Engineer: 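What follows is a structure written as structure tokens; I'll ask about it next.
It should be emphasised that the depicted structure is a prediction, and the values quoted were computed from it without experimental measurement. Quick note: numbers below take in every heavy atom, side chains included, and nothing from hydrogens, waters or symmetry partners.
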Amino acid sequence: MATAFPEFPMYPNALVEGYSDEFDPGVLESPFERGLSKLRVTQKRVVRAVTITYTFPTIEDSTNFENWYFDTIGRVGWFYWKDHRGGATRVARFKGGAIGAITPVTGDFGYSRRTLTLEYLR
């Protein structure tokens, strides 16, 4: 049975350090001359952005991840991703189509990391 979207690869390891989760509340503020400003909800759903660092234990894992990024999702495609905060499966994409810079942890790139930002609708 085919799925609508590909799965995020299982081999990258998520780091808790540096994890962040934020969203634009989708609220419009109308200030008054005196007192508190009026707030109004402008969007039914909001875009949530999750920044997370993934480690790649081998050079093959980092290469396979890049191949998945270019060939499977075409840089801008949507995919299923398991949210590490709560464990729910989300339909997400990379913010701006970017996966961030690869940083070696060992000199030969045998162990490396990437900090990337995913976005999804809530």
Engineer: On a heavy-atom basis, which atom in Gly97 and which in Val76 lie closest, and how many Å separate them?
Structural biologist: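 Nearest pair, atom of Gly97 first, then Val76: CA-CG1, 4.5 Å.
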Engineer: Do Leu116 and Val105 sit in the same hydrophobic cluster, where Ile, Leu, Val, Met, Phe, Trp and Tyr count as joined when their side-chain heavy atoms come under 4.5 Å apart?
Structural biologist: no
Engineer: Can you say whether the rings of Tyr69 and Phe94 are parallel (under 30°), tilted (30 to 60°) or perpendicular (over 60°)?
Structural biologist: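 Answer is perpendicular, since the angle exceeds 60°.
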Engineer: Can you check whether Leu28's main-chain N or O pairs, donor with acceptor, with Thr42's side chain at less than 3.5 Å?
Structural biologist: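 Not a single qualifying donor-acceptor pair exists.
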Engineer: Hydrophobic cluster membership, with links at side-chain heavy-atom distances under 4.5 Å among I/L/V/M/F/W/Y: are Leu121 and Ile73 in one?
Structural biologist: no
Engineer: Describe, in one word, how the ring planes of Phe79 and Phe8 are oriented to each other, choosing from parallel (under 30°), tilted (30 to 60°) and perpendicular (over 60°).
Structural biologist: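 Rings of Phe79 and Phe8: tilted, as their planes differ by 30° to 60°.
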Engineer: Can you tell me if Glu22 has over 12 outside heavy atoms packed within less than 6.0 Å of its CD?
Structural biologist: no
Engineer: Roughly how far, to the nearest 0.5 Å, is the CZ atom of Arg122 from the CZ atom of Arg45?
Structural biologist: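 One gets 9.5 Å once the value is rounded to the nearest 0.5 Å.
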Engineer: If you measure from CZ on Phe23 to OH on Tyr120, what distance do you get to the nearest 0.5 Å?
Structural biologist: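 Separation between the atoms: 9.5 Å.
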Engineer: Are Tyr11 and Trp81 connected in a single hydrophobic cluster, I mean Ile/Leu/Val/Met/Phe/Trp/Tyr linked by side-chain heavy atoms less than 4.5 Å apart?
Structural biologist: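 Linked within one cluster.
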Engineer: Would you say the side chain of Asn64 lies within less than 4.5 Å of the side chain of Pro9, judging by non-hydrogen atoms?
Structural biologist: no
Engineer: Which pairs with one or both residues in residues 58-86 pass salt bridge (charged side-chain N to carboxylate O under 4.0 Å, His left out), sequence neighbours excluded?
Structural biologist: Asp21-Arg85, Glu66-Arg114, Asp83-Arg90
Engineer: Do Trp68 and Leu118 land in one hydrophobic cluster if side-chain heavy atoms of ILVMFWY residues count as linked below 4.5 Å?
Structural biologist: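 Per the 4.5 Å side-chain linkage, Trp68 and Leu118 are co-clustered.
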Engineer: Grab the two heavy atoms, one from Val46 and one from Gly26, that are nearest each other, plus how far apart they are.
Structural biologist: CG1-N, 4.2 Å
Engineer: Could you give the distance from OH (Tyr80) to CD (Glu7), rounded to the nearest 0.5 Å?
Structural biologist: 7.5 Å
